[in-house]
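Both ligands and their constituent atoms are indexed starting at 1 by order of listing.
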Amino acid sequence: MPQEKKKTSDKICLVILAAGQGTRMKIGIPKPLAPIMNRAILDFVLDTCLDFKHQKSHDALISLVVGHQSELITTHIGQEYPDEKFHITRQMQQLGTADAVKSFLDQCPDAMSYKYTFILSGDVPMVSLAHLEGILEEISTRHLKAVVATVTTDEPTGYGRIQTHDSGLSIVEEKDANAEVKKIKKINTGLYVFETQYLMDCIGKISNNNKAREFYLTDAFQSGREVGAVNFERGEDLLGINTLEQLEETTKRLNRRNLIKLSREGVRFWDFASTFIESSVTIAPGVVIYPNVIIEGNSKIGAGCIIGPYCHIRNSELEEGVQIKSHSVLDGCRVANKAEVGPFARLRPEATIGNKAKVGNFVEIKKSTIGPGAKISHLSYVGDAIIGDNTNIGCGFITCNYDGIQKHVTKIGKNCFIGSDSQTIAPVEIGDNCFVASGSTINASMPAGSFGISRGRQTTHLNMAQRFLKVKKDI
Ligand code: UD1
Ligand code: CA
């Protein structure tokens, strides 16, 4: 029986610091909005806070501290999380992390009703529920005033170092550290949990008497105080993103986390390194995914599907046993059981491919329904069309759907044979069981069971030869 998730009865507040400018990114938008796997860095932090709120606490408040280009951030969360309510703190000037927290305490009148306050950074997308639970457990079981999440790294440069004392610990910022302190490998990740009362008591007393002239939240950690640390393994997950290089590294780690989860559920990957799958995608156990595949958005891949190499799939649903062969691009489409697509096929939005239908190489399908068992095997464009069950479409077929102003619909019935190199000029309707001769241009509707042929003047071998001779003579 699944165990009921244990919830804490304490009121909890989660404050995400996102007011900084993030100048090192050089992308012209606030760092928390920098895109990582099609979402903003901040969204991953918000998701973790929301998970915590829904799973762990009966009563939790999430506050976002904004400052630099704050409208962009508030607009973004309004769009991404229309159903969630976040508290917004405005930090007028970015005077340091302690000032950011002070702004929150000043602007949230009932802050004191939350027993614990978490502080997170808006630039650490891989922060997880386990990290939050880990520090909460430490502060509550050991009855501490503050707990910081730390990691041990061989490259501590730039981070606050954790100095341990007989009692408690202190955090020394890089700029203020002497050579001895700089050797310390245990660093501050910027994730903390405080007893809100303690935070309230000490925040106003923090000064900016340091090299950076900033109000450091880290000054809340001092020797002799009841403060502690939890050191986490896989420290890279808790390090903030400051540069585009770190953004790229984090993208790969985040992706790998998604792939590991899927492979534990039974999805078979040839190569983690070249496969990118967003966490929004669902894939059934047993699916096989070749190298160089990207699957994004709201995509669902059913049992028994095989996704060949170099395929790009977005917002698409594949039922069971579907084969997508190499170099195919699918966007906003549905593919029913046992259909085959590709290689080199392009399915555009609103393409619906029926059971056991076949869409072959260099075929583009847009806003069309392809009936069960129908075949469009080579070099065709099908747009705004309905193709009936078991109809066979030859090579080089085109639905001429656009008259320069409007798009028009083509309907082709069941069990038809459409010869190669044919075109239909829409709007046009071909009934069931029709036969269209190769090379025909069909611009009038055909009743069921009829034969259609429309070609230019018959060209014979003879007059071809005569023409050729004439051309030679002219030269
Ligand atoms: C901070 C820590 C450092 C730690 C590091 C981890 C302090 C003083 N130092 O340094 O010990 O190792 O994080 O990454 O806290 N922010 C605001 N308002 C401000 C200043 C910052 O909202 O006035 C936000 C930033 O947007 C960012 C977070 O706070 O999300 C951290 O600020 P940042 O300036 O990046 O601190 P670090 O110098 O990295
Ligand atoms: Ca930082």
N or O pair under 3.5 Å between [X] and ligand 1:
X: Ala100; value: no
X: Gly160; value: yes
X: Gln91; value: yes
X: Gly190; value: no
X: Gln93; value: no
X: Gly240; value: no
X: Gly96; value: yes

* Asked: Is the closest basic N to carboxylate O distance between Asp201 and Lys145 below 4.0 Å?
  ->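 Here Asp201 does not pair with Lys145 in a salt bridge, since their nearest N and O are not under 4.0 Å apart.
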
Report the part of [X] in contact with ligand 1, treating N, CA, C, O as backbone and CB onward as side chain, heavy atoms under 4.0 Å; options are side chain, backbone, both, neither.
X: Glu173; answer: side chain
X: Thr189; answer: backbone
X: Ala98; answer: neither

* Given Leu95, Asp176, Ile206, Thr97, which one has a non-hydrogen atom that is nearest to atom 15 (O) of ligand 1? ->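 Ranked by closest heavy atom to atom 15 (O) of ligand 1, first place is Thr97.
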
Atom indices of ligand 1 within 4.0 angstrom of [X] heavy atoms, with elements:
X: Gly122; answer: 30 (O)
X: Ser121; answer: 28 (C), 30 (O)
X: Tyr216; answer: 8 (C)
X: Ala18; answer: 22 (O), 26 (O)

With a 6.0 Å cut-off (strictly less than), is the heavy-atom count around [atom1] of [X], excluding the residue itself, greater than 12?
X: Lys53; atom1: NZ; value: yes
X: Glu233; atom1: CD; value: no
X: Tyr310; atom1: OH; value: no
X: Lys182; atom1: NZ; value: yes
X: Tyr114; atom1: OH; value: yes

* To do: State, without any angle test, whether Asn231 and Thr152 hold a side-chain donor-acceptor pair at a distance under 3.5 Å.
  =>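 The criterion, which ignores hydrogens and geometry beyond distance, is satisfied for Thr152 and Asn231.
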
* Once the angle between the rings of Phe52 and Phe118 is folded into 0 to 90°, is it parallel (under 30°), tilted (30 to 60°) or perpendicular (over 60°)? ->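 It falls in the perpendicular class, over 60°.
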
* Give the C-alpha distance, both sets of side-chain angles, the deciding distance and a yes or no for salt bridge (charged side-chain N to carboxylate O under 4.0 Å, His left out) between Glu133 and Lys56. => CA-CA 9 Å; Glu133 284 168 4; Lys56 290 286 156 189; 3.2 Å; yes

* Between Asn337 and Glu320, which heavy-atom pair has the shortest distance, and what is it? ->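 Looking at all heavy atoms of both residues, the closest pair is OD1-N, 2.8 Å.
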
